[in-house]
Amino acid sequence: MDSRIIDLKSNFDPRGVLTAVEGGIDIPFEIKRIFYMHHVVDDRGGHAHIDTDQVLIPIHGSLRVVLFNGKEREEYIMDDCTKGLYIPRLYFTDMYDFTPDTVCLLLSSTHYDMGRSLRSMDAYMNYLKENHII
């Protein structure tokens, strides 16, 4: 799978930790959109983006992320704000098991367009087959 954990540059000193992220340098794309989830009370995700790459960073708390590329599944426990999860385009993403205090930041390579996402597993698998991806 092409998904992976990215170590984010963190500077530690007696005052605390400063972690910085630069698009095109620390992550493999230029950032077009930033959004975050908080006060999450139910599972999130359940879709794949056709042309959007993302990096997920758990700013506070923890969550589990399952990624599926049409052939393989991989699960990540995200609980360290100095690590980001690179989620390539066309990876079906499910997020669950959020702790009540979770704040999760996402960096995106495109502006939001709901029409460019596959909102169910059936739609996702059909898209992969129709486009000869699997």
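A donor-acceptor contact shorter than 3.5 Å links the side chain of Ser108 to the backbone of Thr110. Panel note: side chain Tyr124, backbone Phe68; a donor-acceptor pair is recorded below 3.5 Å. For the pair Asp94 (side chain) and Gly46 (backbone), a donor-acceptor distance under 3.5 Å is present.
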(request) Verify side-chain contact (heavy atoms from CB on, under 4.5 Å) between Thr52 and Tyr112, making sure each step is shown before the conclusion. (result) CA-CA 9 Å; Thr52 300; Tyr112 182 70; over 6 Å; no
(request) Show your reasoning for whether side-chain contact (heavy atoms from CB on, under 4.5 Å) applies to Lys71 and Ile134. (result) CA-CA 8 Å; Lys71 298 175 187 173; Ile134 60 167; 3.9 Å; yes
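Rounding to the nearest 0.5 Å gives a distance of 10.5 Å between CG of Asp7 and OG1 of Thr19. Note that the OH atom of Tyr91 and the OH atom of Tyr86 stand 8.5 Å from one another [nearest 0.5 Å]. Taken from CZ in Phe98 to NE2 in His38, the straight-line distance is 12.0 Å, to the nearest 0.5 Å. The CG atom of Asp43 sits 12.0 Å away from the CZ atom of Arg64 when rounded to the nearest 0.5 Å. Atom CD of Glu74 sits about 12.5 Å away from atom CZ of Arg4, to the nearest 0.5 Å. Atom CG in Leu85 sits 12.5 Å away from atom CG in Asp80 (nearest 0.5 Å).
Between His49 and His47, the closest side-chain pair of non-hydrogen atoms falls below 4.5 Å. Residues Met114 and Arg119 meet the side-chain proximity criterion, which asks for heavy atoms closer than 4.5 Å. Proximity of Val21 to Ile27: side-chain heavy atoms (C-beta onward) are separated by under 4.5 Å at one or more points. Contact annotation: the side chain of Ile5 approaches that of Tyr76 to within less than 4.5 Å [non-hydrogen atoms, C-beta and beyond]. Using a 4.5 Å heavy-atom threshold, the side chains of Asp26 and Lys9 count as touching. Within the 4.5 Å cutoff, the side chain of Leu63 has heavy atoms near those of the Cys104 side chain. Between Ile6 and Pro28 there is a side-chain heavy-atom pair separated by less than 4.5 Å.
Thr99 and Asp101 share a donor-acceptor pair across their side chains, judged by distance under 3.5 Å alone.
Tyr36 is not connected to Val40 by any chain of hydrophobic side-chain contacts under 4.5 Å among Ile, Leu, Val, Met, Phe, Trp and Tyr, and they are in different clusters. Linking ILVMFWY residues whenever their side-chain heavy atoms come closer than 4.5 Å, directly or via other members, places Val103 and Leu8 in the same cluster.
The 12-atom threshold is exceeded at CZ of Arg89, counting heavy atoms of other residues, nucleotides or ligands nearer than 6.0 Å.
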